[in-house]
There are 2 protein chains.
Amino acid sequence: MDGSDARGAKRLRLTEALADLVLEEGLDALSLRPAAARLGTSDRMLLYYFGTKAEMLADVLGCVVARFAAHLAGVTRNVRIPPHQMVGFTAELMTSEAGRPYANVWFEIAARAARDDKIFATAAELMAERWNEWIVRSVHFPAGVAPRSAAAMMLAIVNGIILLDSTAPSVAAAARSRVQSAAA
Amino acid sequence: MDGSDARGAKRLRLTEALADLVLEEGLDALSLRPAAARLGTSDRMLLYYFGTKAEMLADVLGCVVARFAAHLAGVTRNVRIPPHQMVGFTAELMTSEAGRPYANVWFEIAARAARDDKIFATAAELMAERWNEWIVRSVHFPAGVAPRSAAAMMLAIVNGIILLDSTAPSVAAAARSRVQSAAA
DNA sequence: GCCGCCTTGTAGCATATGCTACGGCGTGCT
DNA sequence: AGCACGCCGTAGCATATGCTACAAGGCGGC
């Protein structure tokens, strides 16, 4: 019984290891031979366990999204964040050392999703959805506002800030200062 | 005189054509042989005029950024947009048929800039900077607000919205509705 | 012991990619 | 006419990439 499913177990372990790799080096690190070398195996094995690179990619993306959701959930375990602090809080979270890897792959996934790449599109949608749900759960919205819409707005602002933060830090800093004053 | 600089002129024409290509198909379309085929020449010629692929990339990115700035300027020629409409206006602009190509390459550039890719980093910074300057010029900010910071905040929100729009349309729609009500 | 299956290594293939070497063609200058 | 130089095509190289073919080793069941 364990022997029959050992393959699945190993596939999962490989997926986790590949997710580590992607989170610190980006999607380009998923080339079969280099990636396999990092894990101490061969491209031959990756194909054996995943069948095809596309399937491997799908598994790894799913893993990354799951980890991201778990990461978010872990940060706000039993904690509610006041609405006016959520944007700043999340922006800080995503630009911190722990959050940057997720932000970076998020950008890569989103960029490819924008070209009609189905596998990235589904991953991106899932990731954004999870992210938004997390905001809904972590913020206590005042009565009268639609949580999902308000959360989406916050998510958009956070996304914009971290995107600018990765490209034009001075512009991002200007935007952040604005968030500060708005929150006060 | 014209003969001596014919090379530079042709290089510029190639750059423009490559920019067209990139804007409609993405950065991956810049592989030498496929790109050259699209332009009716050979990879040999691209190397001849640009010297190296890296230089070609730099030229094309510069061209794309310049065109983007020109596009923005053209839309608001002699027009000022009220502050409370700028976010919605720009979001609409970038998700329109004319704007999407710019948004898509913007995401690609930003994603690569986030990994320490210098050439993309400089292009991304320039593009964000130009974008922000355009907002500063196109909006008449009330006295007492720092134009650059306010523009940066708007830019962040727009970025977030179009990013979500390309990945999770339903979330983006929720965010947009929020912008509408805030503007009213 | 032997057979069969799961796992894994070694080679190889077909294609793609950036770049180079070499040579031909035409134009303008002397 | 001859010659040099700018332009360009053909081949080729070295490497990378996804994937396949073949075979060897190991392990459990009969």
Side-chain angles (χ1 to χ4, degrees), chain A residues 1-19 21-22 25-63 108-109 111-112 115 117-120 123, chain B residues 1-19 21-22 25-63 108-109 111-112 115 117-120 123:
Chain A
M1 182 76 78
D2 68 339
S4 78
D5 203 50
R7 194 143 130 210
K10 184 140 192 180
R11 176 168 171 159
L12 290 189
R13 260 183 297 157
L14 287 174
T15 304
E16 296 286 339
L18 289 171
L21 222 184
V22 165
E25 305 209 355
L27 291 175
D28 291 344
L30 277 186
S31 278
L32 293 181
R33 262 172 276 242
R38 285 301 207 95
L39 309 196
T41 52
S42 66
D43 59 328
R44 177 68 183 69
M45 282 301 93
L46 294 180
L47 271 320
Y48 177 74
Y49 284 105
F50 293 99
T52 226
K53 188 191 173 174
E55 281 184 58
M56 177 177 111
L57 218 194
D59 276 27
V60 173
L61 290 183
C63 180
E108 291 185 301
I109 294 174
R112 299 184 194 200
R115 313 276 173 197
D117 206 322
K118 200 179 168 195
I119 189 171
F120 288 104
Chain B
M1 184 70 77
D2 66 343
S4 77
D5 204 48
R7 192 141 130 215
K10 185 141 192 181
R11 176 168 171 160
L12 290 189
R13 261 183 296 156
L14 287 175
T15 303
E16 296 286 340
L18 288 171
L21 222 185
V22 165
E25 304 208 354
L27 292 175
D28 291 343
L30 278 187
S31 277
L32 292 181
R33 261 170 277 242
R38 286 298 208 97
L39 309 196
T41 53
S42 65
D43 58 328
R44 175 67 182 72
M45 282 303 93
L46 295 180
L47 270 320
Y48 177 73
Y49 284 104
F50 293 99
T52 225
K53 188 191 172 176
E55 281 185 58
M56 176 178 112
L57 219 194
D59 277 27
V60 173
L61 291 183
C63 179
E108 291 186 300
I109 293 173
R112 299 185 194 200
R115 313 274 174 199
D117 207 323
K118 198 177 169 195
I119 189 172
F120 288 104

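Values below: every heavy atom of this structure, side chains too, minus hydrogens, waters and symmetry copies. Each chain gets a letter, A, B and so on, in the order its sequence line appears, and its residues count up from 1.
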Asker: For A:Asp28 and C:dA16, give me the distance from atom CG to atom C1', rounded to whole Å.
Answerer: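 To the nearest whole Å, that distance equals 16 Å.
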
Asker: Would you name the heavy atoms of B:Ala111 and A:Ala111 that are closest together and state the gap between them?
Answerer: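 Nearest pair, atom of B:Ala111 first, then A:Ala111: CB-CB, 4.3 Å.
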
Asker: Measure all distances between protein nitrogen or oxygen atoms and nitrogen or oxygen atoms of nucleotides 25-29 of chain C, and list the pairs falling under 3.5 Å.
Answerer:
none

Asker: N/O contacts under 3.5 Å, protein versus nucleotides 11-14 of chain C?
Answerer:
none

Asker: Tell me, which of residues 47-54 of chain B have any heavy atom that sits under 4.0 Å from an atom in DNA chain D?
Answerer: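 Contacts with DNA chain D under 4.0 Å: B:Tyr48, B:Tyr49.
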
Asker: Return the value, rounded to whole Å, for the distance between atom CZ of B:Arg11 and atom P of D:dC7.
Answerer: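 It is 13 Å, rounded to the nearest whole Å.
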
Asker: B:Leu32 CG to C:dC19 C1': how many Å, rounded?
Answerer: 8 Å

Asker: Does anything in residues 27-47 of chain A pair up under side chain to side chain donor-acceptor pair (under 3.5 Å), and if so which pairs, sequence neighbours excluded?
Answerer: A:Glu25-A:Arg38, A:Asp28-A:Arg112

Asker: Whole angstrom is fine here: how far is it from CG in B:Leu30 over to P in C:dG18?
Answerer: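 Value for this atom pair: 9 Å.
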
Asker: Quickly work out the B:Leu14 CG to D:dC8 C1' distance and round it to whole Å.
Answerer: 13 Å

Asker: So what is the end-to-end bend of the helix from C:dG1-D:dC30 to C:dT30-D:dA1, with 5 pairs used at each end and the value given to 10 degrees?
Answerer: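 Both end axes considered, the difference amounts to 20°.
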
Asker: Let me know the distance between CG of B:Leu57 and C1' of C:dG18, rounded to the nearest Å.
Answerer: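 Answer to the nearest Å: 13 Å.
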
Asker: Nearest-nucleotide wise, let me know which of A:Ser31 and B:Ser42 is further upstream toward the 5' end of DNA chain D.
Answerer: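 Closest to the 5' end, via its nearest nucleotide, is B:Ser42.
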
Asker: Flag the pair A:Arg115 / B:Glu108 as yes when at least one side-chain heavy-atom distance between them is below 4.5 Å, and no otherwise.
Answerer: yes

Asker: A side-chain contact here means heavy atoms from C-beta on lying under 4.5 Å apart; do A:Val60 and A:Leu21 qualify?
Answerer: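 Side chain of A:Val60 against side chain of A:Leu21, heavy atoms only: no contact under 4.5 Å found.
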
Asker: How many angstroms lie between NZ in B:Lys10 and OG1 in B:Thr15, if you round to the nearest 0.5 Å?
Answerer: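 Answer rounded to 0.5 Å: 12.5 Å.
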
Asker: Stepwise, does the side-chain contact (heavy atoms from CB on, under 4.5 Å) test hold for B:Phe50 with B:Leu57?
Answerer: CA-CA 9 Å; B:Phe50 293 99; B:Leu57 219 194; over 6 Å; no

Asker: I need the B:Leu18 CG to B:Leu30 CG distance, nearest 0.5 Å.
Answerer: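 Answer for the CG-CG pair, B:Leu18 versus B:Leu30, is 6.0 Å.
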
Asker: In whole angstrom, give the distance that lies between atom CD of A:Glu55 and atom C1' of D:dG18.
Answerer: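 Rounding to the nearest Å, CD of A:Glu55 and C1' of D:dG18 are 14 Å apart.
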
Asker: Ignoring the backbone of A:Met45, work out which of C:dG9, D:dG18, D:dG9 is nearest its side chain.
Answerer: C:dG9

Asker: Go through the steps for B:Leu32 and B:Met56 under the test side-chain contact (heavy atoms from CB on, under 4.5 Å), then give the verdict.
Answerer: CA-CA 10 Å; B:Leu32 292 181; B:Met56 176 178 112; 4.0 Å; yes

Asker: Could you tell me how far apart A:Met56 (CE) and D:dT17 (P) are, to the nearest whole angstrom?
Answerer: 11 Å

Asker: As an exercise, state the distance from CD1 of B:Ile119 to CG of B:Leu61, rounded to the nearest 0.5 Å.
Answerer: 5.5 Å

Asker: Kindly compute the distance separating CG (B:Leu12) from CG (B:Asp5), expressed to the nearest 0.5 Å.
Answerer: 8.0 Å

Asker: What pairs with A:Arg11 under salt bridge (charged side-chain N to carboxylate O under 4.0 Å, His left out), at least two apart in sequence or on another chain?
Answerer: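 Only A:Glu55, A:Asp59 meet the salt bridge (charged side-chain N to carboxylate O under 4.0 Å, His left out) criterion with A:Arg11.
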
Asker: Closest approach of A:Leu27 and A:Phe120, non-hydrogen atoms and distance?
Answerer: CD1-CE2, 3.6 Å

